[in-house]
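Below: the structure, in structure tokens.
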2 protein chains.
Amino acid sequence: MGGGLKAKAAHGDSTERPDLEHFRALLHDHMVKRGLRSTDQRRLIVETFFEAPNHISIEELLAEVRQKDSRVGYATVYRTLKLLTECGVAFERKFGDGLTRYELADESSHHDHLICVECGKIIEFEEPKIEELQERIAARHGFVLKTHKHEMYGTCADCQAKLTRSAGARRGN
Amino acid sequence: MGGGLKAKAAHGDSTERPDLEHFRALLHDHMVKRGLRSTDQRRLIVETFFEAPNHISIEELLAEVRQKDSRVGYATVYRTLKLLTECGVAFERKFGDGLTRYELADESSHHDHLICVECGKIIEFEEPKIEELQERIAARHGFVLKTHKHEMYGTCADCQAKLTRSAGARRGN
DNA sequence: ATGGGTGCAAAGACTTTGCAGGCTG
DNA sequence: CAGCCTGCAAAGTCTTTGCACCCAT
């Protein structure tokens with residue numbers, strides 16, 4: 001029936017890959033500037049992060065990393081993501097689920113999030129009109145905006161279908 | 001322009017108090033329906049919550065409550081707020097600071113939040129145009145929206161002034 | 001008298017950090 | 001070969017829960 005399901009969603013919207021070289025350079029500069037060192041673990045974690053779907057949690061990233069080197073510790077992933085955040089390569093995101101998630105700090109494609117409360121699918125969206133309205137509201141209150149968080153929670157098309165089906169079944173449809 | 005600034009913000013926008021009777025009834029019904037009991041602590045906590053500024057944390061509410069009865073425990077406040085959330089009297093909010101905050105579930109005045117990253121001031125705002133755009137975006141992706149979280153972080157007018165002043169001083173102004 | 005309610009303290013779920021030994025530059 | 005890094009485990013935060021006793025109903 002429902003075909004194969006995409007399941008994935010989250011990641012890059014197929015179009016073009018982000019400019020990883022730019023991020024590698026950013027990280028490299030930061031490390032040189034502070035006398036930090038390049039280690040096997042860091043390189044592995046960083047590259048794994050670059051390949052991973054956006055909005056990955058520490059746990060998830062650790063799992064990926066351990067497929068390549070099972071001896072890497074949680075703390076190292078944690079500290080490396082902290083490092084990436086500091087040098088502007090990653091953004092830290094806290095959705096309501098208690099986990100901290102990370103995504104590539106791709107300024108060039110600003111987006112917010114649409115999240116399915118049934119299956120957890122995360123879709124990114126952009127809406128310049130909203131951005132503009134935000135600025136106007138901020139100005140009205142005398143604020144200068146730094147960042148914002150705009151998340152919409154609902155049920156995706158797939159899950160609506162699923163729910164309708166089971167509701168129908170329950171009703172003896 | 002400018003004038004005196006309202007400063008307070010956060011709480012009821014001066015206009016009218018929310019309809020507390022409505023919320024008391026909601027809670028009462030819920031408790032009767034489930035055979036829950038009305039105790040001194042619950043009444044105290046609930047009324048204190050009603051009087052407290054919006055976006056209060058458990059710790060803060062507990063402090064208020066303890067001014068009236070120092071023997072109330074953290075867990076009771078915690079459980080009472082859970083109860084209020086369940087029966088639709090309060091909303092749970094998680095801003096990025098790791099705390100859970102609660103506000104009156106005043107549907108009639110839907111709003112989002114503008115937060116000063118310097119002083120923590122929280123201002124509520126409403127913008128129907130954004131709400132409408134949200135629905136449109138959700139529809140475009142096949143979603144049916146349930147809730148959303150829209151927070152904007154920046155520097156409020158007061159703090160901008162403060163920052164400018166100290167920056168100037170530092171520069172030998 | 002029941003069985004929900006309370007306070008305390010212990011347990012969870014995540015995130016941070018201290019340390020002894022390892023490795024980069 | 002100094003000092004940053006790592007992995008482990010312990011320590012923090014904040015939120016939840018188990019329990020024995022208390023008290024509305």
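Here is how names work: the chains are called A, B, and so on, in the same order as the sequence lines, proteins then strands, and each is numbered from 1. All values reported here derive from a predicted model rather than from experimental measurement.
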Query raised in the report: Between B:K82 and A:T39, which has a closest nucleotide on DNA chain D that is more 5'?
Result: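 Residue closer to the 5' terminus by nearest nucleotide: A:T39.
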**Report entry** Residue whose closest nucleotide on DNA chain D lies nearer the 5' end, A:R42 versus B:D97
**Finding:**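 Per heavy-atom nearest nucleotide, the more 5' residue is A:R42.
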Is the phosphate of [N], meaning OP1 or OP2, less than 4.0 Å from a side-chain N or O of [X]?
| X | N | result |
| --- | --- | --- |
| A:Y74 | C:dT15 | yes |
| A:T76 | D:dC5 | no |
| B:T100 | D:dT15 | yes |
| A:Q41 | C:dG22 | no |

What is the separation between atom [atom1] on [X] and atom [atom2] on [N], rounded to the nearest whole Å?
| X | N | atom1 | atom2 | result |
| --- | --- | --- | --- | --- |
| A:E86 | D:dC4 | CD | P | 14 Å |
| A:R66 | D:dC8 | CZ | C1' | 11 Å |
| A:M31 | C:dG25 | CE | P | 8 Å |
| B:R101 | D:dC14 | CZ | C1' | 13 Å |
| B:R71 | D:dC23 | CZ | C1' | 13 Å |
| A:R43 | D:dC5 | CZ | P | 12 Å |
| A:Y78 | D:dA11 | OH | P | 17 Å |
| B:L81 | C:dT6 | CG | C1' | 15 Å |

Query raised in the report: With sugar-phosphate meaning primed atoms plus P, OP1 and OP2, does B:I58 contact a base, only sugar-phosphate, or nothing at under 4.0 Å between heavy atoms?
Result: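 Nothing, no nucleic acid heavy atom in range.
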Query raised in the report: Measuring from A:Y153:OH to B:K149:NZ, what's the distance to the nearest 0.5 Å?
Result: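 If I round to the nearest 0.5 Å, the distance is 5.0 Å.
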Side-chain donor/acceptor contact of [X] with base of [N] under 3.5 Å:
| X | N | answer |
| --- | --- | --- |
| B:R79 | C:dG5 | no |
| B:R34 | C:dG4 | no |
| B:R37 | C:dG3 | yes |

Residues [X] and [Y] bridged, charged N to O under 4.0 Å:
| X | Y | value |
| --- | --- | --- |
| B:R43 | B:D40 | yes |
| A:K82 | A:E86 | no |
| B:E124 | B:R93 | no |
| A:E47 | A:R24 | yes |

Query - Nearest-neighbour nucleotide for the B:A75 side chain, C:dG25, D:dG7, D:dT17 considered - result: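 Of the options given, the side chain of B:A75 lies nearest D:dT17.
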